[in-house]
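What follows is a short report on a single structure.
One-based numbering along the sequence shown. These figures come from a predicted structure and were not determined experimentally.
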Amino acid sequence: MARIPLLMGNWKMYKTVAEARAFAEALGQQSAALGDDVEYAICGPFTTLHVLRVMLPTQVKLGAQNVHPEKEGAYTGEIAPGMLAEFGTKYVLAGHSERRMLFGESDQLVNQKVRAILEAGMTAVLCVGENSSQKQDGITKEVVTGQVRHGLEGLTAEQVAGVVIAYEPVWAIGSGKTATPDDAQYVAKEIRAIIAEKHGADTASQVRILYGGSVKPDNIASFVAEDDIDGALVGGASLDPTSFVAMAEAVRGVVR
Ligand code: 13P
């Protein structure tokens, strides 16, 4: 089964409602360029999700950047999976490196989030990646495959097949530095191999693997052209509608 490429924006803590509306309007005017051979999503701050849902072109799905694993409860400041699902959210990030590093999220918590996202009927985007000292120590493969194994623990093969994995080297995020397409492909292939080991080659072949870390319109095609890379998770370059469309066109150019 061919994997449909996925171009996903992660806005992090950027954009007010007014700014999100302006983005959606501008993207709407260029929606013909998006086509239907690629899937798109924007993971906006919670306060922007409503305007995005109403105003984004239909090809662009709604994503959230975080979620609490419990269904409900006395967790001041948190959002439950069912709340996001009810709202029409399709994708939810779990274990972004900023959450792991700045908010102390463990592999165990990330796994609880992944399961909760799936139970609520949404698609989990499990984010993994090594930091610069791990890269220097030559343990990228061990770190990343470990995060994948922990993140997917307790899932059925069927559930795993629907998960999206985003490989984002921590040192490449927001730095202007990227992995080489060769290195990103090597890690993506290892991710697929570890999934195949546990759940079989057929399941592994269905999982979409994205690259993230300083992806821009002029480098995205080189990643998506790799065999095991099925799209990108983009921070800074997803904030501007013209740049988003340019990346969409670049991905479509590879698909064709
Ligand atoms: P940048 O594209 O800004 O490097 O961010 C990557 C990222 O963290 C997306 O989740």
Side-chain angles (χ1 to χ4, degrees), residues 6-27 40-56 60-70 75-81 83-85 87-106 109-110 112-114 116-117 120 122-129 131-132 147 151 164-178 210-217 220 231-245 247:
L6 175 59
L7 171 58
M8 180 173 278
N10 171 15
W11 281 358
K12 310 190 179 184
M13 201 172 72
Y14 292 99
K15 288 199 193 291
T16 62
V17 173
E19 289 164 347
R21 179 182 295 118
F23 177 98
E25 260 166 18
L27 198 61
Y40 304 94
I42 299 279
C43 303
F46 292 129
T47 48
T48 65
L49 293 184
H50 182 257
V51 77
L52 291 179
R53 184 186 64 183
V54 174
M55 294 194 56
L56 279 175
V60 188
K61 305 300 178 215
L62 204 57
Q65 301 171 18
N66 188 27
V67 69
H68 192 278
E70 295 294 328
Y75 300 106
T76 301
E78 295 292 325
I79 299 276
M83 296 171 185
L84 291 174
F87 201 74
T89 308
K90 176 157 187 195
Y91 295 99
V92 187
L93 305 184
H96 190 280
S97 65
E98 286 150 18
R99 301 282 332 160
R100 292 178 192 261
M101 286 186 319
L102 304 173
F103 301 96
E105 292 195 3
S106 64
L109 177 61
V110 173
Q112 287 169 352
K113 290 186 179 197
V114 168
I117 292 162
M122 300 179 289
T123 300
V125 181
L126 171 64
C127 304
V128 297
N131 63 30
S132 58
Q147 288 171 334
V164 176
I165 311 258
Y167 168 54
E168 302 199 293
V170 177
W171 50 269
I173 293 177
S175 65
K177 288 185 237 160
T178 65
L210 314 180
Y211 169 76
S214 297
V215 170
K216 305 277 183 269
I220 190 167
L233 180 57
V234 187
S238 75
L239 293 167
D240 174 62
T242 305
S243 147
F244 193 89
V245 169
M247 290 188 289

Residue list, salt bridge (Lys or Arg N to Asp or Glu O under 4.0 Å) with Lys61, at least two apart or on another chain: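 Once residues adjacent in sequence are excluded, Lys61 has no partner under the salt bridge (Lys or Arg N to Asp or Glu O under 4.0 Å) criterion.
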
Applying ring-ring contact (aromatic ring centres under 6.0 Å, His included), name anything that partners [X], two or more places apart in sequence or on another chain.
X	result
Trp11	Phe23
Tyr211	Phe223
Tyr14	none

With side chains defined as the heavy atoms from C-beta onward, is the minimum distance between [X] and [Y] less than 4.5 Å?
X	Y	answer
Cys43	Met8	yes
Leu6	Tyr40	no
Met122	Tyr91	no
Leu126	Val164	no

**Request:** For the pair Ser214 (side chain) and Gly176 (backbone), establish whether a donor and an acceptor sit closer than 3.5 Å, ignoring hydrogens and angles.
**Result:**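 Yes, the answer is positive, given that a donor and an acceptor are paired below the 3.5 Å cut-off.
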
Sorted by chain and residue number, the side chain to side chain contact (heavy atoms under 4.5 Å, CB included) partners of Gln112 (sequence neighbours excluded) come out as Pro69, Gln108, Leu109

| request: Please identify each residue that fulfils side chain to side chain contact (heavy atoms under 4.5 Å, CB included) with Val170, with sequence neighbours left out. | output: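 Checked Val170 against side chain to side chain contact (heavy atoms under 4.5 Å, CB included); matches are Ser97, Met101, Asn131.
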
Kindly compute the distance separating [atom1] ([X]) from [atom2] ([Y]), expressed to the nearest 0.5 Å.
X	Y	atom1	atom2	value
Leu84	Asn66	CG	CG	9.0 Å
Ile79	Gln65	CD1	CD	12.0 Å
Arg53	Thr89	CZ	OG1	8.5 Å
Leu210	Ile165	CG	CD1	9.5 Å
Gln147	Cys127	CD	SG	10.0 Å

Quick one about His96 and Glu105 (side-chain donor to acceptor, distance below 3.5 Å, no hydrogens or angles considered), yes or no? no

